[in-house]
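My questions will all concern the structure given below.
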Amino acid sequence: MALINQILETALYVTDIDESERFYRTLFELATYSKSGNRHVFFRVGESMLLLFNPEETRQPGSAAATHGAVGEGHAAFTIAHKDLDFWRMRLAELNIPIEIEHQWPEGGRSIYFRDPSGNSLELATPDVWP
C-alpha cells in the first residue's frame with residue numbers, strides 16, 4: 001500500500017468571499033492564488049493551499065469543479081515559531097481580532113485560537129504541538 005505524506009489543501013467554508021479574502025490577505029499577508037466570483041478564493045500557504053468556498057455557490061448546477069459545501073464552522077491550524085508568539089498576539093490585537101484561548105500542550109507546544117469572519121476556528125500553533 002502506498003502511504004500519503006502530507007495534506008495538499010485545506011478547505012474552509014465562508015459566507016462572504018470578499019470579506020474572507022480581505023481577512024486572510026490582511027492578517028497573513030497572503031497573495032490571492034485564484035478567485036472565482038462569489039464561489040471561492042484560494043491562497044498558497046507554504047507548500048499547501050488554503051481553499052475558501054462559499055458552499056451555496058458550489059451547490060449551483062454547472063459548477064466547474066467538485067461540489068464543496070460543509071455546513072458549520074471548520075478549523076485550520078497554521079504553524080508558527082515559538083519566537084513569533086508575541087508578534088502574533090500583537091498582530092491579532094492590531095487587527096481587533098480577539099484571541100479565544102491560548103493553550104500550552106503537554107509536550108511544550110503552544111496554540112493561539114481565534115475566529116475568522118465566518119466563525120471558523122483558526123489556530124496558530126508551534127510545531128511541537130504534534131511532536
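Residue numbers start at 1 and run along the sequence shown.
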Worksheet item: Does Thr79 use its side chain to pair, donor to acceptor, with the backbone of Pro127 at less than 3.5 Å?
Response: no
Worksheet item: Can you list every ring-ring contact (aromatic ring centres under 6.0 Å, His included) pair that touches residues 106-131, not counting sequence neighbours?
Response: none
Worksheet, complete the sentence: Those residues at least two apart in sequence (or on a different chain) that pass salt bridge (Lys or Arg N to Asp or Glu O under 4.0 Å) with Glu107 are none
Discussion item. Run the side-chain contact (heavy atoms from CB on, under 4.5 Å) test against Pro117 and tell me which residues pass, sequence neighbours left out.
Written reply: Glu19, Phe23
Practice prompt. Report the C-alpha separation of Arg110 and His103 in whole Å, then their side-chain angles, then the decisive distance to 0.1 Å, and conclude whether the side chain to side chain contact (heavy atoms under 4.5 Å, CB included) test is met.
Written response: CA-CA 6 Å; Arg110 302 290 306 249; His103 188 75; over 6 Å; no
Practice prompt. Nearest 0.5 Å please: distance from the CZ atom of Arg44 over to the CG atom of Leu50.
Written response: 12.0 Å
Worksheet item: How far does CG of Asn96 sit from CD of Glu94, to the nearest 0.5 angstrom?
Response: 9.5 Å
Worksheet item: Under 4.5 Å between side-chain heavy atoms, hopping through other hydrophobics if needed: is there a path connecting Phe42 to Ile7?
Response: no
Discussion item. Which residues pass the side-chain contact (heavy atoms from CB on, under 4.5 Å) test with Gln6, not counting sequence neighbours?
Written reply: Glu47, Ser48
Practice prompt. Could you pull out all residues at least two apart from Phe28 that satisfy ring-ring contact (aromatic ring centres under 6.0 Å, His included)?
Written response: Phe78, Trp88
Discussion item. Between Leu30 and Ile80, is there shared hydrophobic-cluster membership here, with clusters defined by ILVMFWY side-chain heavy atoms closer than 4.5 Å?
Written reply: yes
Worksheet item: Is there a path from Tyr13 to Leu51 through hydrophobic residues (I, L, V, M, F, W, Y) whose side chains come within less than 4.5 Å of each other?
Response: yes
Worksheet item: Is there a donor-acceptor pair under 3.5 Å between the side chain of Ser118 and the backbone N or O of Thr15?
Response: yes
Practice prompt. For Asp116, enumerate each residue passing the side-chain hydrogen bond (donor to acceptor under 3.5 Å, both in side chains) test, keeping only those at least two apart in sequence or located in another chain.
Written response: Tyr24, Asn120
Discussion item. Applying side-chain hydrogen bond (donor to acceptor under 3.5 Å, both in side chains), can you list everything that pairs with Thr26, at least two apart in sequence or on another chain?
Written reply: none
Worksheet item: Would you say Arg91's side chain and Leu27's backbone share a donor-acceptor pair under 3.5 angstrom?
Response: yes
Discussion item. If the condition is side-chain hydrogen bond (donor to acceptor under 3.5 Å, both in side chains), which residues does Asn38 pass it with, not counting sequence neighbours?
Written reply: none
Worksheet item: Can you tell me how far CG of Leu124 sits from CG of Leu85, rounded to the nearest 0.5 angstrom?
Response: 8.5 Å
Response to the item:
Rounded to the nearest 0.5 angstrom, the OG-CZ distance for Ser20 and Phe43 is 8.5 Å
Worksheet entry | For Ser111, all residues meeting side-chain hydrogen bond (donor to acceptor under 3.5 Å, both in side chains), sequence neighbours excluded | Trp105, Glu123
Fill in: Pairs meeting criterion salt bridge (Lys or Arg N to Asp or Glu O under 4.0 Å) with involvement of residues 73-82, two or more places apart
Glu73-Arg115
Item to complete: Would you give the length of the straight line joining atom OG1 of Thr10 to atom CG of Leu12, rounded to the nearest 0.5 angstrom?
Response: 7.0 Å
Worksheet item: Among all residues two or more places apart in sequence or in another chain, which pass the side-chain contact (heavy atoms from CB on, under 4.5 Å) test with Asp18?
Response: Asp16, Glu21, Arg22, Lys35
Item to complete: Sorted by first residue and then second, give each salt bridge (Lys or Arg N to Asp or Glu O under 4.0 Å) pair with at least one member in residues 77-87; sequence neighbours left out.
Response: Asp86-Arg89
Item to complete: Heavy atoms only: give me the nearest Ile99-Glu102 pair and the separation to one decimal.
Response: CG2-CG, 4.0 Å
Worksheet item: Rounded to the nearest 0.5 Å, how far apart are CD of Glu57 and CZ of Arg39?
Response: 9.0 Å
Item to complete: Consider only side-chain heavy atoms of I, L, V, M, F, W and Y, link residues closer than 4.5 Å, and tell whether Val45 and Phe53 are in one cluster.
Response: no
Fill in: Sub-4.5 Å side-chain heavy-atom contact between Ile112 and Leu122
no
Worksheet item: More than 12 non-hydrogen atoms from neighbouring residues, nucleotides or ligands closer than 6.0 Å to CZ on Phe87, yes or no?
Response: yes
